[in-house]
Structure formats: structure tokens, C-alpha cells
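Inspection log for the structure reproduced underneath, given as C-alpha cells.
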Amino acid sequence: MSFRQFPATDANGDDYVIIEFKDEQAGASAGNGQSARYELADGRHLIRDGREFRTAGGELTLVT
């Protein structure tokens with residue numbers, strides 16, 4: 001398991017940090033490229049759509 005952090009901004013211009021968690025072993029064995037998950041520092045999970053990330057309920061959308 002590895003992780004990296006990168007900046008993102010919401011529609012109001014507020015800054016956030018997105019944390020990407022990668023499980024290299026799962027991605028290599030599955031071969032589907034779906035080995036990453038994304039979260040905010042407060043633990044909320046994010047759904048990635050290209051350069052946009054949003055919470056499951058849609059209350060927050062971020063752009064990188």
C-alpha cells in the first residue's frame with residue numbers, strides 16, 4: 001500500500017488535499033487499474049471522474 005497527496009479546489013476556491021491510496025499488488029493481479037481509492041483528510045471517500053472528485057452524496061465537488 002502506498003499513498004500520495006495532491007491539492008484540489010472546490011467551486012468556492014477553497015483548498016483541499018486529496019489522498020490517493022494505491023494497493024500495487026491488487027492492481028497488478030487484477031489487471032483492471034482499479035487499485036486506487038481517494039479520500040479527504042477527514043476520512044470522506046471521493047469518487048474520481050477524470051480531474052473531478054466528488055463525495056458520494058454529491059455535496060462536495062473538487063477539481064485538481
Side-chain angles (χ1 to χ4, degrees):
M1 177 76 62
S2 67
F3 73 95
R4 70 179 179 121
Q5 299 177 344
F6 51 95
T9 307
D10 70 4
N12 296 323
D14 294 328
D15 295 323
Y16 290 82
V17 174
I18 296 175
I19 306 168
E20 175 188 63
F21 296 92
K22 274 194 172 179
D23 186 356
E24 293 90 3
Q25 293 177 341
S29 63
N32 60 13
Q34 299 295 320
S35 62
R37 76 176 196 275
Y38 303 91
E39 294 182 8
L40 292 173
D42 63 8
R44 287 185 282 176
H45 292 269
L46 297 170
I47 300 166
R48 183 177 184 173
D49 184 15
R51 293 188 58 173
E52 287 189 358
F53 294 81
R54 66 183 172 283
T55 55
E59 67 274 1
L60 179 62
T61 299
L62 304 170
V63 179
T64 59

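Values in this document were obtained by computation on a predicted structure and should not be read as measured data.
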_Members besides Phe3 in its Ile/Leu/Val/Met/Phe/Trp/Tyr cluster (side-chain heavy atoms under 4.5 Å)_ = Met1, Ile19, Phe21
*Linked hydrophobic residues, Ile47 as query - side chain contacts closer than 4.5 Å*: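 Grouped by the 4.5 Å side-chain rule, Ile47 forms a cluster of one, so the answer is none.
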For [X], give me all partners under salt bridge (charged side-chain N to carboxylate O under 4.0 Å, His left out), at least two apart in sequence or on another chain.
X: Arg37; answer: Glu39
X: Arg44; answer: Asp42
X: Arg4; answer: Glu20

*Say whether Phe6 and Leu40 are linked into one hydrophobic cluster, either directly or through other cluster members, by side-chain heavy-atom distances under 4.5 angstrom.*
yes
For residues 55-64, run the donor-acceptor check on the side chains, cut-off 3.5 Å, and write out each pair with its distance to 0.1 Å, sequence neighbours left out.
from: Thr55; atom 1: OG1; to: Glu59; atom 2: N; distance (Å): 3.3
from: Thr55; atom 1: OG1; to: Glu59; atom 2: OE1; distance (Å): 3.3
from: Thr55; atom 1: OG1; to: Glu59; atom 2: OE2; distance (Å): 3.0
from: Thr55; atom 1: OG1; to: Leu60; atom 2: N; distance (Å): 3.3
from: Thr64; atom 1: OG1; to: Arg51; atom 2: O; distance (Å): 3.4

*Could you list the residues that satisfy ring-ring contact (aromatic ring centres under 6.0 Å, His included) with Tyr16, not counting sequence neighbours?*
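Tyr16 satisfies ring-ring contact (aromatic ring centres under 6.0 Å, His included) with no other residue.
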*What residue pairs, at least two apart or across chains, pass salt bridge (charged side-chain N to carboxylate O under 4.0 Å, His left out) with a residue in residues 6-16?*
none
